[in-house]
Engineer: 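This is the structure I have questions about; it appears just below.
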Amino acid sequence: MAQDVLCEVNNCKYWGQGNKCQAEAIYVVSHKGKQASNSGETDCKTFVPEA
């Protein structure tokens, strides 16, 4: 698993300094089933808004 996952969404509860994701696991899905042609066709389901 990747050691450094970068994320610029600083209102996510897993966001950490240096744009480093602090989540223990990352869940990414495709808009089109099980395949995607580019990053715009995916979403990070790990995102949780900071309370």
Side-chain angles (χ1 to χ4, degrees):
M1 187 164 149
Q3 297 298 310
D4 290 322
V5 176
L6 299 179
C7 176
E8 295 182 2
V9 184
N10 64 6
N11 69 318
C12 180
K13 81 177 213 172
Y14 299 115
W15 184 85
Q17 292 213 337
N19 290 335
K20 296 203 175 178
C21 181
Q22 303 297 311
E24 290 189 21
I26 306 297
Y27 179 38
V28 178
V29 298
S30 169
H31 298 194
K32 297 183 174 190
K34 302 241 180 221
Q35 294 187 2
S37 298
N38 58 60
S39 62
E41 294 179 358
T42 64
D43 284 318
C44 177
K45 292 293 186 179
T46 307
F47 172 79
V48 176
E50 195 168 40

Engineer: At their closest point, which heavy atom of Ile26 faces which heavy atom of Cys21, and how far apart are they?
Structural biologist: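 Of all heavy-atom pairs spanning Ile26 and Cys21, the closest is CD1-SG, 3.4 Å.
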Engineer: Apart from Val29 itself, which Ile, Leu, Val, Met, Phe, Trp or Tyr residues share its cluster (side-chain heavy atoms under 4.5 Å, direct or through members)?
Structural biologist: Tyr27
Engineer: List in chain and number order the residues that pass side-chain contact (heavy atoms from CB on, under 4.5 Å) with Lys32, two or more places apart in sequence or in another chain; answer none if no residue qualifies.
Structural biologist: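 Partners of Lys32 under the side-chain contact (heavy atoms from CB on, under 4.5 Å) test: Ser30, Glu41.
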Engineer: Drop me the distance from Leu6's CG to Asn19's CG, to the nearest 0.5 angstrom.
Structural biologist: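 Spacing of CG (Leu6) from CG (Asn19) equals 7.0 Å.
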Engineer: Tyr14 and Val48: side chain to side chain contact (heavy atoms under 4.5 Å, CB included), yes or no, with the steps?
Structural biologist: CA-CA 7 Å; Tyr14 299 115; Val48 176; 3.9 Å; yes
Engineer: Could I get the full list of salt bridge (charged side-chain N to carboxylate O under 4.0 Å, His left out) partners for Lys20, not counting sequence neighbours?
Structural biologist: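 Checked Lys20 against salt bridge (charged side-chain N to carboxylate O under 4.0 Å, His left out); matches are Asp4.
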Engineer: Just wondering, are more than 12 heavy atoms of other shown residues or ligands nearer than 6.0 Å to CD in Glu8?
Structural biologist: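 Not buried by this count: 12 neighbours or fewer within 6.0 Å.
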Engineer: Quick one: pull up SG in Cys7 and CH2 in Trp15 and give me the separation to the nearest 0.5 Å.
Structural biologist: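 Output value for this atom pair is 9.0 Å.
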